[in-house]
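Shown next, in structure tokens, is the structure this report addresses.
The analysis underlying the following values was restricted to heavy atoms, covering all of them including side chains, and did not include hydrogens, waters or symmetry mates. From a predicted model like this one, the values you see are computed outputs, not experimental measurements. Naming: A, B, ... by sequence-line order, numbering from 1 per chain.
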Number of protein chains: 2
Amino acid sequence: MDVELIAAVRRFNRTVTQRVGALDDGYMARGRPLAQARLLWEIGPDGAEVAALRTRLGLDSGYLSRLLRTLESDGLVTVGPADRAAGDGRVRTATLTAAGRAEWTELDTRSDEFAWSILAPLTASHRGRLVTAMAEVERLLMASMVVVGPCPPADPRARACVRAYARDIARRFDDGYDPALSRPVRDDDLVPPAGVFLLATLDSEPVGCGAVKLHPDAPAEIKRVWVSDTVRGLGLGRRILHELERYAAERGWTAVRLDTNRNLTEAIALYRSAGYREIPPFNDERYAHHWFEKTL
Amino acid sequence: MDVELIAAVRRFNRTVTQRVGALDDGYMARGRPLAQARLLWEIGPDGAEVAALRTRLGLDSGYLSRLLRTLESDGLVTVGPADRAAGDGRVRTATLTAAGRAEWTELDTRSDEFAWSILAPLTASHRGRLVTAMAEVERLLMASMVVVGPCPPADPRARACVRAYARDIARRFDDGYDPALSRPVRDDDLVPPAGVFLLATLDSEPVGCGAVKLHPDAPAEIKRVWVSDTVRGLGLGRRILHELERYAAERGWTAVRLDTNRNLTEAIALYRSAGYREIPPFNDERYAHHWFEKTL
DNA sequence: CCATATACCTGACTTTAGTCAGGCATGTGA
DNA sequence: TCACATGCCTGACTAAAGTCAGGTATATGG
């Protein structure tokens with residue numbers, strides 16, 4: 001734990017949450033209790049399902065119900081059955097009335113004004129610097145909120161990642177990518193104790209993955225390391241790779257290896273900088289041009 | 001109002017205050033009401049005067065009293081007369097007991113842990129980037145919180161600024177600075193309608209100043225533009241200058257002028273870039289090497 | 001069809017936060 | 001010395017936030 005860095009983060013938290021956060025609430029509230037204002041805001045002009053609101057705002061079911069009743073009796077919101085045909089009959093959707101939409105627009109305007117009240121005192125060039133730095137902080141905070149953990153390869157989110165991975169490489173390989181021509185990976189190989197599939201999530205949305213297969217009497221094999229481009233460039237690939245290596249190392253494997261395509265230049269750079277050395281082919285993967293190994 | 005910039009600020013506010021702010025509160029509270037935890041934190045290991053706590057936390061006098069009673073009855077705090085000899089007998093100081101200090105240390109540790117929980121998932125280089133960007137955001141937010149407004153030149157904060165200004169230039173001029181040798185400025189000249197003294201404050205602490213004297217039948221004269229080095233490089237000088245020009249322009253003056261020393265290179269650069277042109281000497285100021293004028 | 005889970009709801013409740021009026025002791029300017 | 005301001009306090013109050021224990025209607029798996 002680096003004391004300097006920690007102190008800097010704490011200073012930042014203090015300044016930003018006290019000044020920006022508190023003031024923002026003030027702008028939001030406009031006479032109404034903050035919880036109501038936030039709820040109204042979160043419902044938004046397109047409406048939202050009650051369950052979604054509950055998780056997004058982290059509210060108790062009963063409390064949320066009561067807040068909705070209040071907004072309803074103020075004529076700002078109507079709550080009715082979800083309009084999606086064949087939907088779950090228990091689910092209900094909250095929608096803004098005309099008055100509610102007007103109120104929402106007012107909140108939107110005030111949020112704009114608040115943002116502008118931060119920018120207005122600055123010169124144009126300082127405004128630019130502030131916004132750039134804010135975007136950087138935001139992206140890196142996002143990266144730090146990513147959670148990496150094991151996940152069954154059959155999980156829909158895992159499947160979604162693998163599909164995204166296949167789409168990505170199909171676009172980048174010289175001759176496209178046909179999974180049928182590639183060496184197959186069975187789900188069972190990526191379930192402990194045979195191996196593991198790691199899923200990276202941001203707010204429980206999948207944003208990356210990676211897998212390792214613990215070959216008996218051979219180096220472990222790393223597969224399917226993929227990072228969504230929404231969080232690319234933030235070190236997530238390295239993190240996943242590191243977790244996979246750790247998984248293998250903790251179970252007694254002393255080396256990991258992998259194959260990759262010559263077009264995946266950032267991946268290759270990542271492997272090299274993570275201590276991988278190029279080795280002769282250890283398999284007949286149709287799409288591979290480079291084979292790497294690392295001693296753990 | 002630039003829509004792009006505003007949107008960026010709003011995204012930032014949303015992400016950062018929701019995640020960092022809310023989580024931070026959680027770390028702070030540890031079972032205790034947030035207001036109590038914050039108060040305990042603010043008292044700190046060295047104790048604090050009740051009045052200071054009131055302004056720092058922005059609490060109602062009665063409310064703060066009650067919070068202190070609660071902490072007192074929990075054995076965390078003692079409130080006694082201010083220990084400073086010959087102090088104001090009404091003022092009281094809150095001090096942490098041993099238990100209170102332990103609690104404070106616990107909060108401190110948790111704050112460290114929280115900060116580290118943000119940094120930990122990142123690689124070393126991303127940590128560096130995050131901290132750098134955070135510092136930039138913090139500094140620029142600070143700049144945007146600076147309030148510039150008229151202030152009587154006899155106000156202690158104004159005096160403090162002018163003293164700091166004199167110290168600064170004494171250090172930078174080739175032959176030091178003796179106010180007695182410089183052209184005198186009378187307070188009356190910097191009080192409306194003769195002129196104005198502007199004070200820049202951050203959290204009501206003075207961080208800069210500037211003055212303009214509205215000479216009858218002559219260009220207005222700008223004096224004593226100074227910015228504390230805690231907020232230097234953030235465009236505050238330009239802002240003060242601009243406000244002074246506006247003051248003169250609004251009252252019918254069509255030109256402003258000023259004199260300056262050759263060693264104040266940033267100031268000279270500021271004047272030039274703000275549209276000032278060098279003119280022949282218009283006074284016999286002992287310490288001046290350059291004279292500037294700007295048509296409003 | 002039944003047992004069980006889930007989504008949302010209501011009623012009853014507690015805690016926290018915050019406000020307001022007034023009171024006492026101390027300080028300050030005339 | 002007096003009137004008035006100020007710092008801190010207490011009592012009485014309100015509103016907001018949040019919790020908990022059920023209750024009803026709708027799914028879901030066998």
Side-chain angles (χ1 to χ4, degrees), chain A residues 18 21-22 25-26 28-43 47-74 76-95, chain B residues 18 21-22 25-26 28-43 47-74 76-95 154 156:
Chain A
Q18 303 278 324
D25 285 355
M28 259 307 223
R30 45 174 330 230
R32 194 181 306 288
L34 192 54
Q36 280 179 41
R38 268 208 261 267
L39 176 56
L40 182 74
W41 174 256
E42 208 60 48
I43 291 171
E49 295 188 353
V50 175
L53 294 171
R54 203 166 41 232
T55 57
R56 255 188 285 168
L57 292 166
L59 296 176
D60 171 86
S61 155
Y63 185 29
L64 173 59
S65 233
R66 202 175 316 286
L67 287 172
L68 283 171
R69 289 303 84 71
T70 314
L71 290 177
E72 220 169 19
S73 75
D74 287 356
L76 299 169
V77 163
T78 53
V79 180
D83 49 358
R84 306 175 311 165
D88 186 327
R90 292 166 304 181
V91 173
R92 311 232 292 156
T93 353
T95 327
Chain B
Q18 304 278 323
D25 284 355
M28 259 308 222
R30 44 176 327 228
R32 193 182 306 287
L34 193 53
Q36 280 179 42
R38 270 207 260 267
L39 176 54
L40 182 74
W41 173 256
E42 208 61 48
I43 292 172
E49 296 189 352
V50 174
L53 295 170
R54 201 166 45 229
T55 57
R56 257 189 282 169
L57 293 166
L59 296 177
D60 172 87
S61 155
Y63 185 29
L64 173 59
S65 233
R66 203 175 316 285
L67 287 173
L68 283 171
R69 289 303 84 69
T70 314
L71 290 177
E72 221 169 17
S73 75
D74 286 358
L76 300 169
V77 162
T78 53
V79 180
D83 47 356
R84 305 176 311 166
D88 187 328
R90 293 166 303 181
V91 174
R92 311 233 292 156
T93 353
T95 326

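- The minimum heavy-atom distance between Arg32(A) and Ala37(A), with the atom names listed, is CD-N, 3.9 Å.
- In this structure, Gln36(B) places its CD atom 13 Å from P of dT15(C), rounding to the nearest Å.
- Here dT16(C) presents its C1' atom at 15 Å from CG of Asp60(B), a figure rounded to the nearest Å.
- To the nearest 0.5 Å, atom CD of residue Glu49(A) and atom CZ of residue Arg54(A) are 10.5 Å apart.
- Leu59(A) is not listed as a side-chain neighbour of Glu42(A), based on a closest heavy-atom distance of 4.5 Å or more.
- Considering CG of Leu40(A) and CG of Leu67(A), their distance stands at 11.0 Å, rounded to 0.5 Å.
- Judged by closest nucleotide on DNA chain D, Ala52(B) is the one of Ala52(B) and Leu59(A) placed further toward the 5' end.
- Residue Arg69(B) contributes atom CZ, which lies 18 Å from atom P of dG18(C) at whole-angstrom precision.
- Inter-axis angle, ends of the helix from dC1(C)-dG30(D) to dA30(C)-dT1(D), five pairs per end, rounded to 10 degrees: 30°.
- Considering only side-chain atoms of Ala35(B), the nucleotide from dA17(C), dG27(C), dC8(C) that sits closest is dA17(C).
- Leu34(B) comes within contact range of the sugar-phosphate backbone alone, with a heavy-atom separation under 4.0 Å but no base atom that close.
- Leu53(A) has its side chain within reach of Leu39(A): a pair of non-hydrogen atoms, C-beta onward, lies under 4.5 Å apart.
- Comparing Arg54(B) and Arg66(B) against DNA chain D, the residue whose closest nucleotide sits nearer the 5' end is Arg54(B).
- In this structure, Arg38(B) atom CZ and dT16(C) atom P are separated by 14 Å, rounded to whole Å.
- Here chain B contacts DNA chain D (any atom closer than 4.0 Å to a heavy atom, that is under 4.0 Å), and the contacts span dA5(D) to dA12(D) from 5' to 3'.
- Side-chain N/O atoms of Arg92(A) include one lying less than 4.0 angstrom from OP1 or OP2 on dC9(C).
- Between Arg69(B) and Glu72(B), some side-chain heavy-atom pair lies under the 4.5 Å cut-off.
- Using a 4.5 Å cut-off on side-chain heavy atoms (C-beta onward), Leu71(A) and Val79(A) make no contact.
- Comparing Gly31(B) and Gly62(A) against DNA chain C, the residue whose closest nucleotide sits nearer the 5' end is Gly62(A).
- Note: Thr93(A) OG1 to Ile43(A) CD1 = 10.5 Å, rounded to the nearest 0.5 Å.
- The CG atom of Leu64(B) sits 13 Å away from the C1' atom of dA17(C) (whole-angstrom rounding).
- Using a 4.5 Å heavy-atom threshold, the side chains of Gln36(B) and Asp74(B) count as touching.
- Rounded to a whole Å, the CG atom of Leu53(A) is 11 Å from the P atom of dC9(C).
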